[in-house]
Every structure is written in C-alpha cells, then in structure tokens.
There are 2 protein chains.
Amino acid sequence: MSKPLRRDAQHNRDKLIAAAAAVFTERGIDAPLEEIARQAGVSIGTLYNRFPSRAALFDAVFPDRLANSLMFGDQALACEDPWDGFVLFVTRLCELQAGDRSLNDLITRRFPDATAVAEACGNGLDKATQVIDRAQRAGALRPDFTFADLVTLTWANARIVAATQDTAPTAWRRHLAFLLDGLRATAAHPVDEPPLTPEQLDAAMRA
Amino acid sequence: MSKPLRRDAQHNRDKLIAAAAAVFTERGIDAPLEEIARQAGVSIGTLYNRFPSRAALFDAVFPDRLANSLMFGDQALACEDPWDGFVLFVTRLCELQAGDRSLNDLITRRFPDATAVAEACGNGLDKATQVIDRAQRAGALRPDFTFADLVTLTWANARIVAATQDTAPTAWRRHLAFLLDGLRATAAHPVDEPPLTPEQLDAAMRA
DNA sequence: CCCAAACTTGAGGATGACCTCAACTTATCA
DNA sequence: TGATAAGTTGAGGTCATCCTCAAGTTTGGG
C-alpha cells in the first residue's frame, strides 16, 4: 500500500480525474494534457506529479466507467432469444463507441502501459464469447463468426462513428443493420478469409 | 495558360512529384513535407515554391493514379451477372484502400482545396450508381442500398485496413464477406435508420 | 558572353505538444 | 507553534512540423 496523499493533493487528484474524463470524452484520447491541467485549475507540473504518463491517467479514469458501461453482457445473456441477445450486445457496444470519443478509441486501441484499462476491457468483453456461443448453438448466428470478428466490427464502427458523429450521429446503425443481416446463419455463404489469430488481433490493437 | 517552367525547375518538380507519391504511399497523406523534399533531393523552400500547399501537391500526384485505379467501374458493368459485378466493384474499391495508405485516406476524406483530386474521385465513382442500380434491378442487391451506403462501407473498411495492414493485410476481406452476405436481397430485413443525405455525406467527408 | 529573370537554398521564426526541475508554498504532527 | 516532509508551480528545454524570405545560384535569350 502506498501512503495516503495529503488532503490538498488528494483534492487536486480528484479534480484532475474529473477534468481528464471531460476532456477525453470531448476531444478523444490524444487530447493535450495541458488542456486537462488547465481545466482542472492546476499546473501541468502537478498533473505530472500525480500521473507520470498518459497511461497512468487512463488507468485512473477509465476502469470504473468501463466496468459500468460494459455490463450489458449479462443483459444480453438474459434475453430469451439468443439472436436478440447477440444483437443487443453488439448494438450496446457500438452505442458506447458512438457516445464517447474516448471509449471509441479505447475499445479499438490498446495502450500497453494502461494495464487497468486492459483488464477492465477484458472483463467486460469476456461475456462476448458466451453471447456468441449461445447464438450459434441456437442456429441463429452464422457458425464461422468469432470473437476476433467482433473486434473487427468495432474497428469498422469506430471509423463510421468518427466520420458521422457531428452530422449524423446515428448513421452507424445502418451499417450495423446491413452487417447483422449478413451474420444470420440463414444468410451465410462460405468465406475464404480465415479469422484473425489471437496474435494478429493483439498486434492490430497496438496500432 | 501559365508560362512553362525553366528546365531545372521542371526537373525538380518531377522529382518532387515522384517523391511525394512514394512517401504518401508509405506513410500516408499526413507525411511531413520535409521528408518529401529530402527524398526528392531538393530543399523545403523549393517544394513550397512549386506547391504552395499540401493540397496542391495532392492535385499534382493523385488525379492520374486515381483515374487509372478507378477503372473497374466498366469492368463491373461488363460482368454478365449484375451481383458479381457489384461484388467486383466493391472488392476492387476495398483492394485499392488496402494497397495504398494514401488512397485509403483519399477515398475516405475530402480536402476542400484539392479540387482535381475531388474531381477524379467523382469521375471514378460515378459508375457506382449504375453498378448499384443494375444489381438492384436484377433483384440481387437489397433495394434499400444507396451510394451513401457504399461510402460508409469504405469508411468501415478504412479503419479495418489501417488496423491490420501490417500484420494481416487481407483481414478486411472477411468483414466484407459478412457484409456482402447482408447486402443480398434475400438476406434483407427492414432497416430503420435512413441513408445519409447528400449534405450529411459531404459534411462527413470533411472530417 | 552577359545579365535579368527565374529559381534554389536553408537558417530561422511560429506553433503546439511533451516533460523536467529548482524554487516556492502548504499541510501535518509533535 | 514551528519544522519538515509533501506538494505545487510555471518558465523553459526538447522535439517535430509548418512556412517564409533575403541572399545566393542558374538558365537562356539577346
């Protein structure tokens, strides 16, 4: 355990986290740190005292929010119809991306030093495999769909969201609807391209 | 008509265009201009003499390449089967994105000052409407698919390509296959979200 | 061959982001 | 109420990119 912070320091830390959340949401995950310090009413030096790196700030800001936001896994599994559960899961995930620039980045990229964020993402998405399995066992979801394909879907959605969020913030729903029609088992035609391996997936997230 | 360039100036201009093509292809459209000057063996001042802006450089580099690259419109219309033609058109478009970072950017974004680029894109894609129409009239392509949806598809593909080109350069084909299965008329379920209006499309390209 | 116009050059100012650290301020505890 | 450890500050160094311009070089017509 580390020593507790002095009262003023704790207060500044709280203000920094609040400001970071706001700035990241609004300007994305590459927002300048000086902007966060400014908005927290604190000097840039203080920000670096509390959070030696951007990743450390991520680890302070996002795990809670991700844990809250990614709770739809259980909701999806609770759906009576497995296909509806799958659709709900994917739709919620995309909604998350659409509602918050920073989550859109985080779901899509990995930051090797933000270990707490990685863990929160992992926890949130580990239900995905169950949701997929269940829909496939019910014969609703095409059997060749994998977890890696879900990640690919979020990449696709990320760019659509980025392009349209200012002028047509729900446009992504249309692409998703087309895609979901192609994910039904009844629509499936054989696909040559194999799914990404876990290693490829991992490498792609670091881009 | 503007006066012809002096011989040395023309030569430098050629070297700059060649270097720009190489650098843009390799590093994308935001590559530093100084890198281009360096690779052309010319000073940064000369680059700015010839091309007062990045967009001017685009206009010199890309229209020819785009015109050549986007010729698959006729090829698609020549396919006996209208659905195969549509698939060929979309696949070629995505291949173009996958093969060249700069084209991936250009197909996806608009640069208001690069008028020649915009025109070349427009010319290349004006066949798209015919390809879509033909596939729809044949009852193969779902009737609610529009040109705007094709652009959305290229946004989606752009991000997938960007994420995977170093480690799994054909991964985009899998997402495209799933999506195409959803674009068949036989797979279509009603979609609530309306297509982007031309204005929304235009606005989104400027992001 | 010469000179005026055309062209090239690269140092350097502007910007915006990163990160550090020596000097200052404040909380806490005895 | 000090004394001291903890915390804050912001000017300023670093870096990468953009863009300009005064001084020098080259071309080509007369």
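Below, read A as the first sequence line, B as the second, and so on, with proteins coming before strands; counting in each chain starts at 1.
- For the pair A:Asp100/A:Phe24, no side-chain contact is recorded, criterion being any heavy-atom separation below 4.5 Å from C-beta on.
- At whole-Å resolution of the value, CZ in A:Arg7 and P in C:dT26 are 13 Å apart.
- Rounded to an integer number of Å, the gap from OH of B:Tyr48 to P of D:dA22 is 18 Å.
- Residues satisfying the side-chain contact (heavy atoms from CB on, under 4.5 Å) test with B:Glu26, not counting sequence neighbours, are none.
- A salt bridge is defined here as a Lys NZ or Arg NE, NH1 or NH2 lying under 4.0 Å from an Asp or Glu carboxylate O, and A:Lys127 with A:Asp133 fails to meet this definition.
- The distance between atom CZ of B:Phe51 and atom C1' of C:dC7, rounded to the nearest whole Å, is 14 Å.
- The distance from atom CG of B:Leu33 to atom C1' of C:dG10 is 16 Å, rounded to the nearest whole Å.
- Atom CD in B:Glu34 sits about 15 Å away from atom P in C:dG12, given to the nearest Å.
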Please enumerate all protein N or O atoms sitting under 3.5 Å from an N or O of nucleotides 5-9 of chain D, with distances to 0.1 Å.
{"residue": "D:dA6", "atom": "OP1", "partner": "A:Lys3", "partner atom": "NZ", "Å": "2.9"}
{"residue": "D:dA6", "atom": "N3", "partner": "A:Arg6", "partner atom": "NH1", "Å": "2.5"}
{"residue": "D:dG7", "atom": "OP1", "partner": "A:Arg6", "partner atom": "N", "Å": "3.2"}
{"residue": "D:dT8", "atom": "OP1", "partner": "A:Asn12", "partner atom": "ND2", "Å": "2.2"}
{"residue": "D:dT8", "atom": "OP2", "partner": "A:Arg50", "partner atom": "NH2", "Å": "3.2"}
{"residue": "D:dT9", "atom": "OP2", "partner": "A:Ser43", "partner atom": "N", "Å": "2.9"}
{"residue": "D:dT9", "atom": "OP2", "partner": "A:Thr46", "partner atom": "OG1", "Å": "2.9"}

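- As rounded to whole Å, 11 Å separates atom C1' of D:dT17 from atom CZ of B:Arg27.
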Worked check of side chain to side chain donor-acceptor pair (under 3.5 Å) between A:Ser43 and A:Arg38: CA-CA 7 Å; A:Ser43 86; A:Arg38 208 184 48 66; over 6 Å; no
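- B:Asp181 meets the salt bridge (Lys or Arg N to Asp or Glu O under 4.0 Å) test with A:Arg142, B:Arg184; sequence neighbours excluded.
- Taking five base pairs at each end of the helix from C:dC1-D:dG30 to C:dA30-D:dT1 and finding the rotation axis that steps the C1' atoms of four pairs onto the next four gives two axes whose angle is 10°, to the nearest 10°.
- Between A:His11 atom NE2 and C:dT26 atom P the separation is 15 Å, expressed in whole Å.
- Taking 4.0 Å as the cut-off between side-chain N and carboxylate O, B:Arg101 and B:Asp105 do not count as a salt-bridged pair.
- Look at CZ on B:Arg38: it is 15 Å from C1' on D:dT17, rounded to the nearest Å.
- Residue pairs meeting the salt bridge (charged side-chain N to carboxylate O under 4.0 Å, His left out) criterion with at least one member in residues 188-198 of chain A, sequence neighbours excluded, do not occur.
- Between A:Phe178 and B:Phe145, the ring planes lie tilted relative to each other; the angle falls in the 30° to 60° range.
- In this structure, the side-chain contact (heavy atoms from CB on, under 4.5 Å) partners of A:Val87, at least two apart in sequence or on a different chain, are A:Trp83, A:Thr91, A:Leu180.
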